[in-house]
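Working notes for the structure below.
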Amino acid sequence: NDEDADIISLKNYMNAQYFGEIGIGTPAQKFTVIFDTGSSNLWVPSSKCYFSIACYFHSKYKSSQSSTYEKNGKTAEIHYGTGSISGFFSGDHVALGDLVVKDQDFIEATREPGVTFLAAKFDGILGLGFKEISVGDVTPVWYNLVKQGLIKEPVFSFWFNRNAEEGEGGEIVFGGVDPNHYEGDHVYVPVTQKGYWQFNMGDVLIGDESTGFCAGGCAAIADSGTSLIAGPTTVITEINQKIGASGVVSQECKAVVAQYGQQILAKLMSQTQPSKICSQVGLCTFDGTHGVSIGIESVINENEDASAGLHSDGMCHACEMAVVWMQNQLRLNQTQESILNYINELCERLPSPMGESSVDCASVASMPSVSFTIGDKTFELKPEQYILKVGQGTAAQCISGFTALDVPPPRGPLWILGDVFMGVYHTVFDYGNLRVGFAPAT
Amino acid sequence: SAAADGLIRIGLRKKALDENSRLAGRLLEKEGKALMGPRYGLRGGLES
């Protein structure tokens, strides 16, 4: 379903860190899968996968060796950005721990895009999202677990053991929550859009300061199949600036500050509705709720004059971000000069969309905390919790746990709270009451 | 495994972030942006 495929398509499973084992067929054939709350299908490589190298590096399902196999044969395809998993549907029993889900439809993948899954440490993916985003309208494993009466409560929960060495990773619990894995009570928020485990989220704070962008509300998805936290560039840039993360210098952003900075500031100070400012200065058009790009391609590059008069999608977006950044600075009673200097600095810290940002490992202790407002409660992440270390000793590198993802309205602005967040906060997926709960993980 | 409390627990294994997966992730990022950008209206125009 193309309309619903975008989030799944953007997933970077390569960074996923937590895997579990399931069995398919009788006797059970074992597969290592990502338990992914951001998708809803189960797929594993098929023994009929001949032309994808990735299949030769992973376990493959052999239907001929299962006495409970049920032929289906309908073709299936899931898009993942760099290509797609394709194959056909089959049915068989699926073993999850001691439970056996009978007659589960799943995808036998006969083609996997080369680089994406070749190096992957997992064989397949077990989606724990809603049926609404299930490719082929197949009933997800989780629904059959509930339908077949295999669990007491229609709830599952994740505990990621962040402090573990490679090997011991945590636990997924079907049927409830394990009180040993969290402290205090969970804060629950309702699922706002069935499909993903999506809910409404409030402001994001850096240290004690509001970033403003989500003060009026943002959508968020609790996604166990994503490693990092992805959010709007406007906020990630501010985080990057505060933690000294590497970024991309945007000439378009700098051009907006140089040419329109004073004008934007003046409009903010004269109480102009912020969402209308970028259209009023001529960088966007106004669609009734916010500025949208005029849609003219930019001709700006290092050797050309930004004042040539042609504006780009990027300048509209940069203007919209500048408005948010300036609002925050005005709230802090900063002078006009220092505001423009600060925005200019931010223009040098723009994250590459869906990319990584490096930080100085020696500075981690002095970085601010970043907090998310969920259900009127604040969920804080300390720097040692949102900075990931790759490698050991002198070869160690540190990368930010935040990455940029700009999803336009009406679906966005959107945050994807991946393992970095779910590692700190034990997460309950309450299917019966359609809500998601968070409590500090132990 | 099933326990007396009726909960079904499945242990998870953890993989360290390594250079291979980061490299593959970066390739994915580059290819993905090119493919997905126009299709889903993602904003990538700020990269100069």
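Note: hydrogens, waters and symmetry copies are ignored here, and every other heavy atom, side chains too, is used.
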Under the rule for side chain to side chain contact (heavy atoms under 4.5 Å, CB included), what residues qualify as partners of Ile172(A), not counting sequence neighbours? Phe35(A), Leu128(A), Phe156(A), Phe158(A), Phe174(A), Ile10(B), Leu12(B)
Heavy-atom distances under 4.5 Å only: say whether Thr32(A) touches chain B with side chain, backbone, both or neither. side chain
What residues form a salt bridge (Lys or Arg N to Asp or Glu O under 4.0 Å) with Glu153(A), not counting sequence neighbours? none
For each of Lys389(A), Glu21(A), Glu171(A), tally heavy-atom pairs with chain B at distances under 4.5 Å, and name the one with the top tally. Glu171(A)
Under 4.5 Å heavy-atom distance to chain B, tell me which part of Val155(A) shows up: side chain, backbone, both or neither. neither
Cys316(A) and Cys284(A) SG atoms less than 2.5 angstrom apart: yes
Heavy-atom distances under 4.5 Å only: say whether Leu388(A) touches chain B with side chain, backbone, both or neither. side chain
Would you find a donor on one side and an acceptor on the other, under 3.5 Å apart, between the side chain of Ser157(A) and the backbone of Gly176(A)? yes
